[in-house]
Every structure is written in C-alpha cells, then in structure tokens.
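Labels below follow one simple rule: chain letters A, B, ... track the order of the sequence lines, proteins then strands, and each chain is numbered from 1. Computed over heavy atoms, backbone and side chain alike; hydrogens, waters and symmetry mates excluded. Bear in mind the structure is a predicted one, so any value in this text is a computation, not a measurement.
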2 protein chains.
Amino acid sequence: MTIDCKNEQYEMGGKQFPCSTSITMEFIGGKYKTVILFHLRNAALRYNELRKFMPVVTERTLSLQLKQLEQDGLLKRTVYTTKPPLKVEYELTDFGKTLLPMLMVIAEWGRDVAAQKASVVKV
Amino acid sequence: MTIDCKNEQYEMGGKQFPCSTSITMEFIGGKYKTVILFHLRNAALRYNELRKFMPVVTERTLSLQLKQLEQDGLLKRTVYTTKPPLKVEYELTDFGKTLLPMLMVIAEWGRDVAAQKASVVKV
DNA sequence: CGGTATCCTCGAAGATACTG
DNA sequence: CAGTATCTTCGAGGATACCG
C-alpha cells in the first residue's frame with residue numbers, strides 16, 4: 001500500500017498529482033478545452049462563434065467547459081448588453097495567455113500527425 | 001443543426017475532431033498518459049518502476065493506459081525473460097519521442113503553476 | 001442570443017482479489 | 001514480477017426541450 005515515491009507529488013485543491021504534467025492536464029484536459037483556448041488565441045469570441053468552430057460539441061458541453069475555464073481563471077466572460085439579444089464575449093486572461101506557447105506546440109503536433117493519419121473533412 | 005464550419009475538421013479512426021489540438025489530446029489526454037510518457041523521456045522503465053513514480057494510480061489503470069499508449073504506437077513493450085520473475089520494459093518509440101518537446105513544455109507550465117497554486121507533498 | 005433544465009448513456013477509473 | 005478478472009462508482013458528455 002505504501003510505496004516509496006521517487007519524485008515530487010503535488011497537491012492542489014485537495015487533489016493529488018503525481019507529476020507536474022498532470023497539473024497542466026487538470027487545466028487543459030477536458031475534451032474540448034484546448035480547442036476553445038486555441039480559438040481564443042488572438043481574438044475574443046462570442047458563444048455562437050465558438051460553436052461554429054466546433055460543431056460536434058453540444059451547447060451544454062460547450063457551456064460547461066467555458067464555465068470551468070472561467071473558474072480556473074484561464075478566460076474571462078464579458079456581457080455587453082443587458083437586454084436580449086445578449087452579447088457575451090470570451091477572451092483569454094493574462095493567466096490564460098501563458099498557455100499560448102504550449103497550445104501552439106500541441107496544435108502543431110496534432111497537425112503533423114493529422115497529415116499522416118487523419119483526413120481533413122472540411123476547410 | 002447544420003452550422004457553417006469556419007475551419008478544419010479532421011477525421012481519424014472514425015472519430016471527428018474539430019481542431020488539430022484535439023487530435024493531440026486523443027493521444028495524450030488520458031488522465032495519466034503524460035505522466036507515463038514524461039517519466040519515460042530518457043530511460044526505459046519497468047512496470048513497478050512506473051508504479052513507484054505514480055503511487056495514486058491503481059495497477060489496473062496503469063496497465064490499461066500502458067496498453068493504449070502501446071496501441072497508439074507511442075511506446076514499446078519488451079519482455080526480457082520468459083519465466084518468472086518476468087522483466088518487462090517500456091520505452092518510447094520514435095513516434096513517441098516526437099512528443100518530447102511538447103511534454104517538456106507541458107511539464108514546465110505545470111511546474112510554474114504548482115509553484116504558485118500547489119504544494120509539493122513529497123520529494 | 002446565450003444560455004439552463006432534465007434526463008440519460010457510456011467509458012474512465014477505482015477497489016479488491018487472484019494468477020502465470 | 002507483472003499483470004488479469006470482476007465488480008462498482010463516478011462524472012464527463014450527449015439529447016432534447018425550454019427560458020430571460
């Protein structure tokens with residue numbers, strides 16, 4: 001049961017992490033979180049604009065993932081009108097922007113793999 | 001239902017991906033996959049050596065994640081003895097090694113965040 | 001427009017025990 | 001030593017409908 005631990009263990013918010021990489025994954029590990037963050041890389045976007053970028057994701061799921069990203073301090077939600085039609089924009093916070101170099105590397109690796117193993121369906 | 005798609009959509013293995021980042025996450029998105037890959041960054045390791053690095057993970061889960069990583073071509077499993085005690089080593093394949101630069105960035109971001117938000121439990 | 005509410009499915013991960 | 005077998009739990013994500 002008790003096993004020697006040869007390296008760091010972290011604790012954050014009551015959870016245990018066996019490696020600093022798992023800390024990172026706690027933030028970006030949601031199925032579509034990297035997609036959202038990546039599309040916000042150089043512009044604020046509205047809810048429906050994000051939807052158009054990821055049509056396979058349901059409204060509910062997108063909504064939940066946005067909420068988590070907001071709670072984690074990675075993005076900021078701003079409401080621009082108080083009466084319908086609402087305009088809500090999402091954008092990266094300064095903390096969220098620290099993810100950008102990593103997101104670029106993640107996107108590039110995926111592109112390379114896609115070039116060999118996947119097919120581009122729409123452009 | 002049909003929404004215009006403003007960017008690439010990928011298909012791989014019968015699944016749809018809305019972004020190249022989600023292709024990457026398909027490979028490394030498992031809860032402990034990055035941890036395994038990171039610890040294999042410069043050395044082959046045996047099953048129990050990997051366990052010691054990640055004591056919070058159950059045997060079953062470790063076993064499953066290793067199997068998936070092997071199926072995805074990211075790591076290679078080698079059995080060195082045919083009779084007990086068995087010696088089995090896991091190491092990165094050439095394809096798996098293409099992940100290393102990204103893993104380093106992921107680990108570094110996690111370390112930076114941990115320095116601010118987490119506490120190191122054991123060393 | 002930008003979401004919630006409700007209900008449901010399904011797979012990831014855990015607990016525990018056992019094996020070649 | 002390096003797993004597998006079973007059973008269970010838990011939560012992410014999906015489907016659909018509705019709301020301010």
request  = Check the distance between D:dA12's C1' and B:Met25's CE and give it to me in whole angstrom.
outcome  = 14 Å
Rounded distance (Å) that lies between atom P of C:dG3 and atom CD1 of A:Ile36 = 12 Å
remark   = Between CG of B:Leu62 and C1' of C:dA13 the distance, given in whole Å, is 12 Å
query = Taking only side-chain nitrogens and oxygens of B:Gln65, does any of them come within less than 4.0 Å of OP1 or OP2 of C:dA13?
reply = yes
inquiry  = Less than 4.0 angstrom between a side-chain N/O of A:Thr58 and OP1 or OP2 of D:dG14, yes or no?
reply    = yes
task = Under the side-chain hydrogen bond (donor to acceptor under 3.5 Å, both in side chains) rule, collect the residues that match up with B:Ser22, sequence neighbours excluded.
result = none
ask   = Taking only side-chain nitrogens and oxygens of A:Tyr80, does any of them come within less than 4.0 Å of OP1 or OP2 of C:dG2?
value = no
query = Which of these nucleotides, D:dG14, D:dG20, C:dG14, is closest to any side-chain atom of A:Leu86?
reply = D:dG20
task = Give me the ring orientation class for A:Phe95 and A:Phe27: parallel if the planes are under 30° apart, tilted from 30 to 60°, perpendicular past 60°.
result = perpendicular
query = Residues two or more places apart in sequence or in another chain: which of them pass side-chain hydrogen bond (donor to acceptor under 3.5 Å, both in side chains) with A:Thr24?
reply = none
note = Contacts satisfying ring-ring contact (aromatic ring centres under 6.0 Å, His included) that involve residues 58-88 of chain A (not counting sequence neighbours) are none
remark   = Side-chain contact check for B:Pro85: nearest option of C:dC1, D:dC1, D:dG14 is D:dC1
task = Grab the CD-C1' distance between A:Glu49 and C:dG3 for me, whole Å please.
result = 16 Å
So which protein nitrogen or oxygen atoms get under 3.5 Å of nucleotides 3-7 of chain D's nitrogens or oxygens?
| residue | atom | partner | partner atom | Å |
| --- | --- | --- | --- | --- |
| D:dG3 | OP1 | B:Arg77 | NE | 3.2 |
| D:dG3 | OP1 | B:Arg77 | NH2 | 2.7 |
| D:dG3 | OP1 | B:Tyr90 | OH | 3.3 |
| D:dG3 | OP2 | B:Tyr90 | OH | 2.7 |
| D:dG3 | N7 | B:Glu59 | OE1 | 2.9 |
| D:dG3 | O6 | B:Glu59 | OE1 | 3.0 |
| D:dT4 | OP1 | B:Lys67 | NZ | 3.2 |
| D:dT4 | OP2 | B:Ser63 | OG | 2.7 |

query = What is the distance from CZ of B:Arg51 to C1' of C:dA13, rounded to the nearest Å?
reply = 15 Å
key: Rounded distance (Å) that lies between atom C1' of C:dG3 and atom CG of A:Leu50   = 13 Å
query = Residues two or more places apart in sequence or in another chain: which of them pass side-chain hydrogen bond (donor to acceptor under 3.5 Å, both in side chains) with A:Arg77?
reply = A:Tyr90
request  = Work out how much the helix from C:dC1-D:dG20 to C:dG20-D:dC1 bends between its end axes, five pairs an end, to the nearest 10 degrees.
outcome  = 60°
Rounded distance in Å - CD (B:Glu89) to C1' (D:dA2) = 13 Å
inquiry  = Rounded to whole Å, please give me the gap between CG in A:Asn48 and C1' in C:dG2.
reply    = 7 Å
request  = For residues 88-97 of chain A, pull every pair meeting salt bridge (charged side-chain N to carboxylate O under 4.0 Å, His left out), keeping only residues two or more places apart or in separate chains.
outcome  = A:Lys76-A:Glu91
Got a list of side-chain donor-acceptor pairs under 3.5 Å for residues 12-20 of chain A, not counting sequence neighbours?
| residue | atom | partner | partner atom | Å |
| --- | --- | --- | --- | --- |
| A:Lys15 | NZ | A:Glu26 | OE2 | 2.9 |
| A:Ser20 | OG | B:Ala107 | O | 2.9 |

request  = Kindly compute the distance separating CE (A:Met54) from CD1 (A:Ile36), expressed to the nearest 0.5 Å.
outcome  = 4.5 Å
Tabulate below the donor-acceptor pairs under 3.5 Å that side-chain atoms of residues 58-67 of chain B make, not counting sequence neighbours, or state none.
| residue | atom | partner | partner atom | Å |
| --- | --- | --- | --- | --- |
| B:Thr58 | OG1 | B:Thr61 | N | 3.3 |
| B:Thr58 | OG1 | B:Thr61 | OG1 | 2.9 |
| B:Glu59 | OE2 | B:Arg51 | NH1 | 3.2 |
| B:Gln65 | OE1 | B:Tyr32 | N | 3.2 |
| B:Gln65 | OE1 | B:Lys33 | N | 3.2 |

